[in-house]
Amino acid sequence: MTTLVSTTDTLTRDALAVLQPGFTGTTAPDWLLRRVGEGLSSVGLFGRNITSPEQLSALTARLRAERDDVLVAIDEEGGDVTRLEVTHGSSFPGNLALGSVDDVHLTRAVAQELGRRLAECGVNLNWAPSADVNSNPANPVIGVRSFGADPRLAARHTAAYVEGLQAAGVAACTKHFPGHGDTAVDSHHAIPRIDVDLETLHARELVPFRAAIAAGSKSVMSAHILLPALDPDRPATVSPQILTGLLRQELGYDGLIVTDGIEMEAISRAYGIERGSVLAIAAGADAICVGGGLADEETVLRLRDALVAAVRGGELTEERLADAAARVRALASWTQRARGDVPEPGAEVQEGTAPGTGVSSDIGLIAARRALRVTGAGGLLTGPAYVATFGAEANIAVGAETPWGVAAELGRLVPGTGADTWTEAAAAPAEEILAAAGERRIVAVVRDEHRHAWMGAALDALLAARPDTVVVEMGLPQAAPRGALHIATFGAARVCGLAAAEALTGTTG
């Protein structure tokens, strides 16, 4: 039953309604439950909040005991960006793997199964998919999170992903509008700038977003990027020209507009989170995502009070805030209706399929296997190997806590396999790798070799000394394939590593 504290005035409830905050811990703290009771309509979950499906289900049930229409959001893209399986890696390949297969039926099935698992745990809003066209191979934050560099390919898979996710009763949030693919700067740290004309923007960046809108995406997430062709002064998240003029009026989008994390430095450094939130709502956003980096009651109260003060001071109209809050509540109502359409766990299904969907519960691994690209004729592993994983610092969206690579899966399939991780700090990693490998065949695992010169240099030395070395690229396969055998996985999810290990050993299962 929906609970609201009667003494909370309408303006304050509306200010709380537009916030999507996070928190720390695996149970809902008292302050969060209290604010939900006062009108907070959304809660955002991150890896720090999740230990198991059972724990997550208990957490969301406790939130709904306070307010049954609460939106429980998560940043679960699958692939490299997972919160549901943060401690051991995703059961689903990411967007680039799906785009490389280019089977929209597969993409839809993967999204539906991911959505089913989220819905089973009580999550009803997913900050996914990424609709960014990764036209810049040097992009430090998108990369394999994109379906690819072709706008039309990205469009058809974005639409399929939205359809699959929402068929499971989970609202999609297509991001990062109007497109984060042609950037060389991570907006977690600074404001990226895209200097393209309007013709390029419409022919490239906006194509997948048009497809998402046509597919009925329930929400869209803004990007903290500057596009001078549209607004020379303000990044998209706080730009009326982009959120209201372009997204609402020109593209005709009528769903919920959510900001990317308001505490990201592209906004917080330029405006501060309070002013940034006010400007975003005034520009046309309906919900403020906050909590990846700031996850406490004080943050919620600061933003609530800033919005209330902005209305009372005339900087933000009461009508605009009320409209934003109404859109949040409308999405919450949709998720309630959709929740009734999702089959209950344990419903009778065909063997090997997810409850009520006809989709294989192993669809993620099936997709990862189909995405593999194998080059060369160097032969399979015939004995224990030595896995040298070249690690670079993960961007904030991916996070450093999720394991990746092929070492664990290969070690399970081939006993005696050894492994180490090497970083740029190693002065001469090739010499140490050769010594550690001994007679064992070397499997060198890289992630975006083309963006890291030291990885390329280490591979040069390894291949010169041991031409039978296998190279596994788990990032964007931009560098030319090399090695006796080269495997491109198009992502670093756990299932991508498993698929690569199977390919190296000629085994499955």
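Source: prediction; values computed, not measured.
- With a 4.5 Å cut-off on side-chain heavy atoms, Lys175 and Val220 do not count as touching.
- Annotation: salt bridge (charged side-chain N to carboxylate O under 4.0 Å, His left out) contacts involving residues 486-496, sequence neighbours excluded, comprise Glu85-Arg494.
- No donor-acceptor distance shorter than 3.5 angstrom exists from the side chain of Ser90 to the backbone of Gly78, with no hydrogens or angles considered.
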Q) Can you check side chain to side chain contact (heavy atoms under 4.5 Å, CB included) on Ile50 and Gln55, steps first, answer last? A) CA-CA 7 Å; Ile50 300 168; Gln55 170 269 326; 4.2 Å; yes
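- Residues forming a side-chain contact (heavy atoms from CB on, under 4.5 Å) with Phe23 (at least two apart in sequence, or on another chain): Pro29, Trp31, Leu32, Val43, Leu45, Asn49, Leu59.
- Although no hydrogens or angles enter the test, the distance criterion places no donor-acceptor pair under 3.5 Å between the side chain of Glu274 and the main chain of Ala306.
- With rounding to the nearest 0.5 angstrom, the CZ atom of Arg447 is 8.0 Å from the CE atom of Met474.
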Q: Decide side chain to side chain contact (heavy atoms under 4.5 Å, CB included) for Leu33 and Leu63; before the verdict, give the C-alpha distance in whole Å, the side-chain angles of both, and the deciding distance to 0.1 Å.
A: CA-CA 7 Å; Leu33 296 173; Leu63 290 169; 4.1 Å; yes
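- Not counting sequence neighbours, Tyr253 has no partner by the ring pair (Phe, Tyr, Trp, His ring centres under 6.0 Å) test.
- At least one side-chain heavy atom of Val238 sits under 4.5 Å from a side-chain heavy atom of Tyr271.
- Look at Arg83 and Glu76 and you find no salt bridge, because none of the NZ, NE, NH1 or NH2 atoms lies under 4.0 Å from a carboxylate O.
- Residue pairs satisfying the ring-ring contact (aromatic ring centres under 6.0 Å, His included) criterion with at least one member in residues 61-81, sequence neighbours excluded, are absent.
- Between the side chain of Thr417 and the backbone N or O of Val414, at least one donor-acceptor pair lies under 3.5 Å.
- At least one donor-acceptor pair closer than 3.5 Å links the side chain of Gln166 to the backbone N or O of Gly216.
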Sequence neighbours excluded and cut-off under 3.5 Å, please list the side-chain donor-acceptor pairs for residues 95-107, or say none.
residue : atom : partner : partner atom : Å
Asn95   : ND2  : Ser130  : O            : 3.2
Asn95   : ND2  : Arg145  : O            : 2.9
Ser100  : OG   : Ala97   : O            : 2.7
Asp102  : OD1  : Arg156  : NE           : 3.0
Asp102  : OD1  : Arg156  : NH2          : 3.4
Asp102  : OD1  : His157  : NE2          : 2.7
Asp102  : OD2  : Arg156  : NH2          : 2.9
Asp103  : OD1  : His105  : N            : 3.0
Asp103  : OD1  : Leu106  : N            : 3.3
Asp103  : OD2  : Arg370  : NH1          : 3.1
Asp103  : OD2  : Arg370  : NH2          : 3.4
Thr107  : OG1  : His157  : ND1          : 2.8

Q) side chain to side chain contact (heavy atoms under 4.5 Å, CB included) between Ile142 and His176: does it pass, once the steps are laid out? A) CA-CA 10 Å; Ile142 301 300; His176 307 81; 3.9 Å; yes
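- Applying the salt bridge (charged side-chain N to carboxylate O under 4.0 Å, His left out) test to Glu409 and every residue at least two apart in sequence or in another chain returns Arg412.
- Residues passing the salt bridge (charged side-chain N to carboxylate O under 4.0 Å, His left out) test with Asp286 are Arg248, Arg320, Arg327, sequence neighbours excluded.
- The pair Arg369-Glu502 meets the salt-bridge criterion, with a side-chain N (NZ, NE, NH1 or NH2) lying under 4.0 Å from an Asp/Glu carboxylate O.
- Distance check, rounded to the nearest 0.5 Å: CG of Asn126 to CD1 of Ile74 gives 7.0 Å.
- Annotation: side chain of Ile257 is not in contact with side chain of Ser219 (no heavy-atom distance under 4.5 Å).
- Rounded to the nearest 0.5 angstrom, Ile267 CD1 and Ser222 OG are separated by 7.5 Å.
- Not counting sequence neighbours, the partners of Arg117 by the salt bridge (charged side-chain N to carboxylate O under 4.0 Å, His left out) test are Glu113.
- Every residue meeting the side-chain hydrogen bond (donor to acceptor under 3.5 Å, both in side chains) condition with Glu297, not counting sequence neighbours, appears here in chain and number order: Arg34, Arg35.
- Here the side chain of Thr402 pairs a donor or acceptor atom with the backbone of Val86 at under 3.5 angstrom.
- In this structure, NE2 on His486 lies 8.5 Å from CG on Leu459, to the nearest 0.5 angstrom.
- One finds no salt bridge joining Arg64 and Asp69 here, because no Lys/Arg side-chain nitrogen approaches an Asp/Glu carboxylate oxygen to under 4.0 Å.
- Under the 4.5 Å side-chain criterion, counting only non-hydrogen atoms from C-beta, Thr489 is in contact with Leu372.
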Q) side chain to side chain contact (heavy atoms under 4.5 Å, CB included) between Leu125 and Thr335: does it pass, once the steps are laid out? A) CA-CA 8 Å; Leu125 171 59; Thr335 62; 5.8 Å; no
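- Between Glu401 and Thr87 there is no side-chain heavy-atom pair separated by less than 4.5 Å.
- Two residues are said to be in side-chain contact when any heavy atoms from C-beta on lie closer than 4.5 Å; Pro21 and Thr299 fail this criterion.
- Judged by distance alone, with hydrogens and angles left aside, the side-chain atoms of Glu120 form no donor-acceptor pair with the main-chain N or O of Arg116 at under 3.5 Å.
- Distance CG/Leu71 to CG/Leu256: 8.0 Å, rounded to 0.5 Å.
- Between Leu16 and Val300 the shortest side-chain heavy-atom distance falls below 4.5 Å.
- Judged by distance alone, with hydrogens and angles left aside, the side-chain atoms of Ser277 form no donor-acceptor pair with the main-chain N or O of Leu303 at under 3.5 Å.
- The closest donor-acceptor contact from the side chain of Asp132 to the backbone of Asn134 lies at 3.5 Å or more, if one exists at all.
- Residues passing the ring pair (Phe, Tyr, Trp, His ring centres under 6.0 Å) test with Trp404, sequence neighbours excluded: none.
- The closest donor-acceptor contact from the side chain of Glu473 to the backbone of Asp448 lies under 3.5 Å.
- The ring pair (Phe, Tyr, Trp, His ring centres under 6.0 Å) search around Phe177 returns Phe209, not counting sequence neighbours.
- By the ring pair (Phe, Tyr, Trp, His ring centres under 6.0 Å) test, Tyr386 is found to be paired with no residue, residues two or more places apart in sequence or in another chain being considered.
- No side-chain donor-acceptor contact under 3.5 Å links Trp127 and Glu77.
- If you check the side chains of Thr174 and Ser217, you find a donor sitting under 3.5 Å from an acceptor.
- Inter-residue side-chain proximity for Leu485 and Val471 is flagged as unmet; no heavy-atom pair is nearer than 4.5 Å.
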